[in-house]
Amino acid sequence: MIRISGGKFRSRIIKAPTNLKTVPTMGKTKLAIFNALGAAIKYKIVLDLFAGSGAFGFECLSREASSVFFIDNDECAIKTIKANALNLGLNEEVIAIKDDAVSYLNNANNNFDLIFMDPPYGNSVLIVQALKTIIERAILKENGIIIIESDEKLNLPNEYLLKFKKIKDYHHGLAYIKILWS
């Protein structure tokens, strides 16, 4: 079980998938991310890649994001996200899609204000592939934000980093966070 930490659903509990493939973002890490974002979430369209439990996306909805696209290639994760959306009364705001993240990005017809990437730890190659596709296909809106969580300090290609106005790095426990502002 995961507790939403802020916004209109503060203290509400969402379920995590029953399989062991998903490890939700830790509370302190999540708090640091949302403190860095401030009010930047309000009325935004969010993409939660490698969604797992959907904790990040539900936290965004609690803080007044207009909608969240949850992408995960695990059927159990997608079913759990849909059940949590139903429990919170968020069926209209939640789009849960079973797909590989990079495949989804290659075929996406939407643009997003905020993109969160948290692939399974040890898969930093997926981060580079996803970021490359986001940049090449202009999936992030102007003045958008990308948040990346990893288990290692990321050394992303400079050619990608030069596309962003501001970059912040955080380290909390096992998690390394990189926030990119376009």
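Model, not experiment: these values are computed from the prediction.
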*Step by step, would you call V68 with V94 a side chain to side chain contact (heavy atoms under 4.5 Å, CB included)?*
CA-CA 5 Å; V68 177; V94 168; 5.6 Å; no
Nearest heavy atoms of [X] and [Y], plus distance in Å:
X: K15; Y: T80; answer: O-CG2, 3.3 Å
X: I81; Y: A96; answer: CG2-CB, 4.0 Å
X: S53; Y: A16; answer: CB-CA, 4.1 Å
X: A101; Y: I71; answer: CA-CG2, 4.2 Å
X: P17; Y: A77; answer: CG-CA, 3.8 Å
X: I139; Y: T133; answer: CD1-O, 4.1 Å

*Any side-chain donor-acceptor pair under 3.5 Å between N143 and K165?*
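A donor-acceptor contact under 3.5 Å links the two side chains.
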Side-chain donor-acceptor contacts of residues 152-162 below 3.5 Å, not counting sequence neighbours, with atom names and distances?
| from | atom 1 | to | atom 2 | distance (Å) |
| --- | --- | --- | --- | --- |
| E152 | OE2 | S124 | OG | 2.7 |

Path from [X] to [Y] over hydrophobic side-chain contacts below 4.5 Å:
X: W181; Y: F164; result: no
X: L37; Y: I167; result: no
X: I95; Y: I45; result: yes

Compare all side-chain heavy atoms of [X] with those of [Y] and state whether any distance is below 4.5 angstrom.
X: I4; Y: I14; answer: yes
X: I115; Y: D48; answer: no
X: I146; Y: F116; answer: no
X: L140; Y: N111; answer: no
X: M117; Y: L47; answer: no
X: V46; Y: S67; answer: no
X: S66; Y: E92; answer: no
X: L126; Y: F50; answer: yes

*Considering residues at least two apart in sequence or located in another chain, which fulfil the side-chain hydrogen bond (donor to acceptor under 3.5 Å, both in side chains) criterion with K166?*
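Residues passing side-chain hydrogen bond (donor to acceptor under 3.5 Å, both in side chains) with K166: none at all.
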*Can you list the residues that meet the side-chain hydrogen bond (donor to acceptor under 3.5 Å, both in side chains) rule with K82, with sequence neighbours excluded?*
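Checked K82 against side-chain hydrogen bond (donor to acceptor under 3.5 Å, both in side chains); zero matches.
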Measure the [atom1]-[atom2] distance between [X] and [Y] for me, rounded to the nearest 0.5 Å.
X: K98; Y: N73; atom1: NZ; atom2: CG; answer: 6.5 Å
X: L114; Y: K44; atom1: CG; atom2: NZ; answer: 9.5 Å
X: I33; Y: I145; atom1: CD1; atom2: CD1; answer: 11.5 Å
X: E59; Y: L31; atom1: CD; atom2: CG; answer: 9.0 Å
X: L105; Y: L49; atom1: CG; atom2: CG; answer: 5.0 Å
X: K163; Y: E136; atom1: NZ; atom2: CD; answer: 9.0 Å

*Is atom CZ of R137 surrounded by more than 12 heavy atoms (other residues, nucleotides or ligands) closer than 6.0 Å?*
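Check passes, neighbour count above 12.
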*Would you say D74's side chain and C76's backbone share a donor-acceptor pair under 3.5 angstrom?*
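Present.
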*Has the side chain of R12 got a donor or acceptor atom that lies under 3.5 Å from a matching backbone atom of N87?*
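Checking the backbone N and O of N87 against the side chain of R12, a donor-acceptor pair under 3.5 Å is found.
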*Go through the steps to decide whether N106 and V102 satisfy the test side chain to side chain contact (heavy atoms under 4.5 Å, CB included), and finish with yes or no.*
CA-CA 6 Å; N106 279 317; V102 176; 3.7 Å; yes
_Going by the rule ring-ring contact (aromatic ring centres under 6.0 Å, His included), which residues pair with F34 if we only count those two or more places apart in sequence or in a different chain?_
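For F34, the residues satisfying ring-ring contact (aromatic ring centres under 6.0 Å, His included) (neighbours in sequence not counted) are F56.
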Pair up each side-chain donor or acceptor in residues 172-180 with any protein partner under 3.5 Å, not counting sequence neighbours, and list the distances.
| from | atom 1 | to | atom 2 | distance (Å) |
| --- | --- | --- | --- | --- |
| Y176 | OH | H171 | NE2 | 3.4 |
| K178 | NZ | D169 | OD1 | 2.7 |
| K178 | NZ | D169 | OD2 | 3.3 |

*Under the side chain to side chain donor-acceptor pair (under 3.5 Å) rule, what do E142 and S182 come out as? Steps first, then yes or no, please.*
CA-CA 6 Å; E142 188 174 336; S182 67; over 6 Å; no
*Assert yes or no for the condition that the ring centre distance of F58 to F70 is strictly below 6.0 Å.*
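Yes, close enough.
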*Derivation of the side chain to side chain contact (heavy atoms under 4.5 Å, CB included) call for I2 and I13*: CA-CA 5 Å; I2 301 160; I13 292 174; over 6 Å; no
_List the residues meeting side-chain contact (heavy atoms from CB on, under 4.5 Å) with N110, not counting sequence neighbours, and say none if there are none._
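By the side-chain contact (heavy atoms from CB on, under 4.5 Å) rule, N110 matches F69, Y104, F112.
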